[in-house]
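Some notes on the structure that comes next.
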Amino acid sequence: MHIFQDTTLLITHYNRSESLERLLTSFEDLNCRFGDIVVSDDGSKPEHLTKVKSLGNRFNFTLVTTPVNKGLGNNINKGQDAVKTPYTLYVQEDFQPSDIFPEHFGDAIGFMRADSKWDIVRFYAYFAYPTLKPFKKGFSEMVYSFWDLNHLKFYYYSDHPHLRRSSFLEKFGRYPEGIKGDLTEYTMAVHFLQKKGKGLFFNDFTKIFYQKNSSDEPSTMVRADWKLSENPLIKLARLAYLRYRWLKNTLDLVFMK
């Protein structure tokens, strides 16, 4: 049994009750127990909300809801408000922990307990953070550098599965509400850098969690075709756009409130 009594599992959910059940069952199968589980629902359809409520009886979690869809920012904010433990493991409902989760999560929570400078430990990503300084036990410190021209450096924070202190909103501010999910994530990433947040990144970043998207409950986030094209002209235009993004993001760090 792996017991993390000082950590709450926070799950954001919207119309993917089968995915939520799979996620909760996976933690159960790994013999992981948390101090609490909070499921924050963003105004799901009645059939999904009914199932979520039935899952609450089985997994004994705290459910926070809203009568209408209010977006990612509101969903995370109200979920985090319900957390009472010192640490929060944030996971969106379409992820699933792997067999190595208990060991490496145990390491991560140990790092947080031992050193108050760590604000976040990231477990999953689509790409490695551009500059990593080896730390220990398969983790590295993310290092932000003003002179790095890689625009990915601005995504020091990510909505993908991560461990954080439950005082996160007090230090970095609440998530903006009423805007698209990708802009919500980006705004928090800017605030995180403005407040000089510090974090660790798991080097093998696709091995602790898997993102599971079935045909019945597909992902709502779709990459634009031009971002994936190998056409030389499109690649050149993409390079120019990324340089513009680097400049824009740098200015956001100075002026965004």
Side-chain angles (χ1 to χ4, degrees), residues 10-16 19 40-44 64-81 88 90-95 119-120 122-130 142 144 146 148-164 168-197 199 201 205 209 211 213 217-229 234 237-257:
L10 170 59
I11 305 170
T12 47
H13 172 266
Y14 179 62
N15 286 338
R16 304 177 77 176
S19 298
S40 186
D41 181 77
D42 194 16
S44 289
V64 289
T65 62
T66 181
V68 295
N69 182 284
K70 293 185 178 181
L72 178 65
N74 176 268
N75 207 22
I76 303 178
N77 284 336
K78 75 181 194 302
Q80 189 67 65
D81 288 342
T88 300
Y90 173 62
V91 184
Q92 293 176 338
E93 85 277 80
D94 59 336
F95 283 88
D119 299 295
I120 190 172
R122 292 177 54 187
F123 300 118
Y124 182 91
Y126 293 143
F127 46 80
Y129 189 74
M142 293 179 285
Y144 172 82
F146 174 84
D148 187 349
L149 294 179
N150 191 330
H151 76 289
L152 298 178
K153 71 177 183 179
F154 296 103
Y155 291 90
Y156 196 113
Y157 165 85
S158 168
D159 287 342
H160 285 146
H162 63 265
L163 172 67
R164 64 193 188 196
F168 189 87
L169 299 185
E170 297 170 21
K171 181 171 182 178
F172 300 106
R174 298 177 71 80
Y175 289 80
E177 301 186 14
I179 60 177
K180 292 183 178 180
D182 55 352
L183 185 55
T184 298
E185 181 181 25
Y186 169 71
T187 303
M188 180 53 74
V190 170
H191 290 166
F192 194 90
L193 290 173
Q194 287 175 330
K195 298 292 185 178
K196 302 188 185 303
F201 184 93
F205 53 85
F209 279 93
Q211 191 166 25
N213 295 307
E217 296 185 346
S219 173
T220 57
M221 298 294 288
V222 179
R223 286 174 173 261
D225 289 342
W226 69 269
K227 293 183 179 180
L228 305 175
S229 174
I234 294 179
R238 185 166 65 229
L239 177 62
Y241 170 75
L242 292 178
R243 290 293 174 261
Y244 156 76
R245 279 294 304 273
W246 183 93
L247 178 60
K248 176 186 178 298
N249 293 357
T250 300
L251 293 174
D252 282 344
L253 285 178
V254 177
F255 298 109
M256 182 181 286
K257 296 182 179 179

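Everything numeric here is computed off the predicted structure, so don't read it as measured data.
Qualifying salt bridge (charged side-chain N to carboxylate O under 4.0 Å, His left out) partners for D119, counting only residues two or more places apart in sequence or in other chains: K171. Here F172 pairs with F168, F192 under the ring-ring contact (aromatic ring centres under 6.0 Å, His included) rule; sequence neighbours left out. Applying the side-chain contact (heavy atoms from CB on, under 4.5 Å) criterion to S158, with sequence neighbours excluded, gives R122, H160, E185. With sequence neighbours excluded, no residue forms a side chain to side chain donor-acceptor pair (under 3.5 Å) with E93. In terms of the side-chain contact (heavy atoms from CB on, under 4.5 Å) criterion, residue partners of D42 (sequence neighbours excluded) are, by chain and number, Y14, T66, N69, K70, N75. Residues passing the side-chain contact (heavy atoms from CB on, under 4.5 Å) test with P176 are I179, T184, T187, sequence neighbours excluded. Considering only residues two or more places apart in sequence or on other chains, H13 meets the ring-ring contact (aromatic ring centres under 6.0 Å, His included) condition with none of them. Applying the side chain to side chain donor-acceptor pair (under 3.5 Å) criterion to Y157, with sequence neighbours excluded, gives D159, Y175. In this view, L152 and F127, P130, N150 satisfy the side-chain contact (heavy atoms from CB on, under 4.5 Å) rule, not counting sequence neighbours.
The structure places CD1 of I76 at 4.0 Å from CG of L72, a figure rounded to the nearest 0.5 Å. The distance from the OH atom of Y156 to the CE atom of M142 is 4.5 Å, given to the nearest 0.5 Å.
Closest approach of D148 to K153, counting heavy atoms only: O-NZ, 2.8 Å.
Side-chain atoms of Y90 never come within 3.5 Å of backbone atoms of I11 as a donor-acceptor pair (strictly under, hydrogens ignored). The backbone N or O of D41 sits less than 3.5 Å from a side-chain atom of K78, completing a donor-acceptor pair. Judged by distance alone, the side chain of S19 and the main-chain N or O of D94 form no donor-acceptor pair under 3.5 Å.
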R164 vs Q80, side-chain hydrogen bond (donor to acceptor under 3.5 Å, both in side chains): CA-CA, chis, key distance, verdict
CA-CA 11 Å; R164 64 193 188 196; Q80 189 67 65; 2.7 Å; yes
Could you walk me through whether R174 and N74 pass the side-chain contact (heavy atoms from CB on, under 4.5 Å) check?
CA-CA 9 Å; R174 298 177 71 80; N74 176 268; over 6 Å; no
Take Y144 and K196 through the test side-chain contact (heavy atoms from CB on, under 4.5 Å) and record every step on the way to the result.
CA-CA 9 Å; Y144 172 82; K196 302 188 185 303; over 6 Å; no
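In this structure the side chain of F209 reaches within 4.5 angstrom of the side chain of V91, judged on heavy atoms. Between Y124 and F95 the shortest side-chain heavy-atom distance falls below 4.5 Å. Annotation: side chain of Y155 is in contact with side chain of Y186 (closest heavy-atom distance under 4.5 Å).
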